[in-house]
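A short write-up of the structure that comes next.
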Amino acid sequence: MDKNFIVSETNRLDKFLASKIDASRNQIEQLIKKEFVRVDGKIVSKTGLKLKENQNIDVHFPESELNPKKDENFVKESLKDKNVQIIFEDNDILVINKPYNLTVHDAPSVKDATLVDWLKLNNISLSTLSGEERHGIVHRIDKGTSGVMVVAKTNQAHVGLSKQLEDKTMGRYYLAIIDMPLKDNIIIDKPIARNSNNRLKMSIEQNGRFAKSAFNKIVLSDKENYELIAAKLFTGRTHQIRVHLSSINRHILGDNLYGFKGELNKINRFYLHAYYLYLTHPITNKQMSFKANLPNDMDEFLNINFKEENINDKLNENNIVSNFNTFI
């Protein structure tokens, strides 16, 4: 499928296409960078190209490159201990509670089945405008993090949700248990990049990408050595919560990659959970929110180490949101 446009006034190429195509900023950038856009017959790859009046713009929308389905028995066997809970589903979106130890996307280093494989198994598939098979993945969660995610079931829903991610009208609140209490509620604004000494890690780097997180104290453990906190992200960098906490010498329980030095034989993963998601339904425009219950291991740890009466009220999602609003 191809489309043709005539420039009516000077503009940037990416902004011009955004006004003509129902797509997210990232999708438009990919169309340009992958050389699917021509200006006056010449292929361009610069998103910020200055356009002049009466220039001719051709856009090619490629067919999706479908990746082969993995063996169904392999996928089922790999996923048998990973329960993907469906929180909400309609014709346009699917909201799930992703278990920890489940990777969202395939990569050369990934040997097990992924969330994308689970979506394929359940015949939920979506192609982006730039020709990549994305299976409706709008935002991600790290393999070791559990919690709430939304998946787009149609192209229109994918575009709408992607735009909400860009303008911050969709977002999540996370819960984490850390090894030393915060001194106070805090906003951390430090750039993040790949660690040059350990490619598995991210770190605070002066030339890194802008990253901003807010952390809110919720409740101390009985012995006041642990703390349950909530986190809200203003950007979506890899390992952002873990890196920002490490930068102030706080670590999520079980996160030995970023400095936790506790009893790993008792905690076999890091205690970070995407708890609460808010968004506008991309088709109906209805304001919606979803909560993903804590996984059993985090819930059990809280029950053992924290007074139950202190936890329940403070885990109310409205309470968490209002607490952030007092200092953000």
* Measure up the Phe88 and Phe290 rings against each other and bin them: parallel (under 30°), tilted (30 to 60°), perpendicular (over 60°). => tilted
* To do: Take atom CG of Asp313 as the centre, draw a 6.0 Å sphere, and report whether it contains more than 12 heavy atoms from other residues, nucleotides or ligands.
  => no
* What are the two closest heavy atoms between Asn249 and Met180, and how far apart are they? -> O-CE, 3.6 Å
* Can you find a side-chain donor-acceptor pair between Thr47 and Glu29 that sits under 3.5 Å? -> no
* Would you say the side-chain atoms of Lys168 pair up with the backbone N or O of Phe234, donor to acceptor, closer than 3.5 Å? -> yes
* Closest approach of His139 to Leu277 (non-hydrogen atoms, all atoms of both residues) -> CE1-CD1, 4.0 Å
* Is there side-chain contact between Asn216 and Tyr173, with heavy atoms separated by less than 4.5 Å? -> no
* Criterion salt bridge (Lys or Arg N to Asp or Glu O under 4.0 Å) on Lys80 and Glu77, from CA distance to verdict -> CA-CA 5 Å; Lys80 68 179 182 181; Glu77 179 66 22; 2.8 Å; yes
* Asked: Knowing that exactly one of His244, Arg237, Lys232 qualifies, which makes a side-chain hydrogen bond (donor to acceptor under 3.5 Å, both in side chains) with Ser213?
  -> His244
* Measure the shortest side-chain to side-chain distance between Asn323 and Asn185 over non-hydrogen atoms and say whether it is less than 4.5 angstrom. => no
* To do: Return yes if some donor-acceptor pair links the side-chain N/O of Asp71 with the main-chain N/O of Asn73 below 3.5 Å, else return no.
  => yes
* Asp81 side, atom CG; Asn101 side, atom CG - distance, nearest 0.5 Å -> 10.0 Å
* Under the 3.5 angstrom rule, does the side chain of Asn97 hit a backbone N or O of Asn293 as a donor-acceptor pair? -> yes
* Asked: Mind checking whether Tyr258 and His239 have parallel, tilted or perpendicular rings, split at 30° and 60°?
  -> perpendicular
* Asked: Taking all non-hydrogen atoms of both residues, which atom of Ala157 and which atom of Ile283 are closest, and how far apart?
  -> N-CD1, 4.3 Å
* Quick one: do Tyr100 and Val95 end up in the same hydrophobic cluster if we chain Ile, Leu, Val, Met, Phe, Trp and Tyr together by side-chain heavy atoms under 4.5 Å apart? -> no
* Is there a donor-acceptor contact under 3.5 Å from the side chain of Glu205 to the main chain of Asn195? -> no
* Does some side-chain heavy atom of Arg269 sit less than 4.5 Å from a side-chain heavy atom of Ser146? -> yes
* **Shortest non-hydrogen separation from Lys52 to Gln55 and the atoms involved** => N-OE1, 2.7 Å
* Ring centroid separation for Phe270 and Phe260, is it under 6.0 angstrom? -> no
* **From Ser246 atom OG to Leu257 atom CG, the distance as rounded to the nearest 0.5 Å** => 9.0 Å
* To do: Give the cluster check for Leu220 versus Leu245: same hydrophobic cluster or not, with ILVMFWY residues linked at side-chain heavy-atom distances below 4.5 Å.
  => no
* Asked: Is any side-chain heavy atom of Ser247 less than 4.5 Å from a side-chain heavy atom of Ile188?
  -> yes
* **Single-linkage hydrophobic cluster, 4.5 Å side-chain cutoff, Val321 and Ile187 together** => yes
* **Asp58 and Asp2, any side-chain heavy atoms less than 4.5 Å apart** => no
* To do: State plainly whether one hydrophobic cluster holds both Leu302 and Phe215, where clusters connect Ile, Leu, Val, Met, Phe, Trp and Tyr through side-chain heavy atoms under 4.5 angstrom apart.
  => yes
* **Qualifying residue, where the test is side-chain hydrogen bond (donor to acceptor under 3.5 Å, both in side chains) with Thr280 and the options are Gln287, Lys286, Lys163** => Gln287
* To do: Using the rule that two of Ile, Leu, Val, Met, Phe, Trp, Tyr join whenever any of their side-chain heavy atoms come within less than 4.5 Å, decide whether Leu175 and Phe327 are in one cluster.
  => yes
* To do: First locate atom CD1 of Ile93, then atom NZ of Lys153, and finally report the distance between them rounded to the nearest 0.5 Å.
  => 9.5 Å
* Evaluate the side-chain contact (heavy atoms from CB on, under 4.5 Å) criterion for residues Gln156 and Asp92: first the C-alpha distance (whole Å), next the side-chain angles of each, then the deciding distance (0.1 Å), finally the verdict. => CA-CA 8 Å; Gln156 188 179 359; Asp92 307 294; over 6 Å; no
* To do: Examine distances only and state if a side-chain atom of Asn56 and a backbone atom of Gly41 form a donor-acceptor pair shorter than 3.5 Å.
  => no
* Is there a donor-acceptor pair closer than 3.5 Å between any side-chain N or O of Asp117 and the backbone N or O of Thr114? -> yes
* Steps toward side-chain contact (heavy atoms from CB on, under 4.5 Å) verdict (Val150, Met170) -> CA-CA 10 Å; Val150 61; Met170 175 169 72; 3.9 Å; yes
* Asked: Do Arg250 and Ile229 have side chains that get closer than 4.5 Å, going by heavy atoms?
  -> no
* **Glu166 atom CD: more than 12 heavy-atom contacts under 6.0 Å** => yes
* Asked: Yes or no on side-chain contact (heavy atoms from CB on, under 4.5 Å) for Leu94 and Asn122, after CA distance, side-chain angles and deciding distance?
  -> CA-CA 12 Å; Leu94 173 74; Asn122 289 276; over 6 Å; no
* Asn155 side chain vs His158 backbone, donor-acceptor pair below 3.5 Å -> no
* **Note, Met149 side chain near Leu115 side chain (heavy atom, < 4.5 Å)** => yes
* Kindly check if the number of other-residue, nucleotide or ligand heavy atoms within 6.0 Å of CG (Asp167) is above 12? => yes
* Asked: How close do Gly160 and Pro282 get, heavy atom to heavy atom, and via which atoms?
  -> CA-CB, 4.2 Å
* Polar side-chain atom of Thr103 near backbone of Lys143 as donor-acceptor pair, under 3.5 Å -> no
* Over 12 non-hydrogen atoms of neighbours within 6.0 angstrom of CZ in Arg12 -> yes
* To do: Compare all side-chain heavy atoms of Leu51 with those of Ile57 and state whether any distance is below 4.5 angstrom.
  => yes
* Minimum-distance pair of heavy atoms, taken over all atoms of Phe16 and Ile6 -> CZ-O, 4.0 Å
* To do: Could you please spell out the steps behind the side-chain contact (heavy atoms from CB on, under 4.5 Å) verdict for Leu182 and Ile248?
  => CA-CA 9 Å; Leu182 297 174; Ile248 58 170; 3.9 Å; yes
* Asked: If you measure only the distance, is there a donor-acceptor pair under 3.5 Å linking the side chains of Ser322 and Asn325?
  -> no
* Please answer whether the main-chain N or O of Leu102 pairs with a side-chain N or O of Lys98 as donor and acceptor at a distance below 3.5 Å. => yes
* Asked: Hey, is the main chain of Pro99 close enough, under 3.5 Å, to the side chain of Lys82 for a donor-acceptor pair?
  -> no
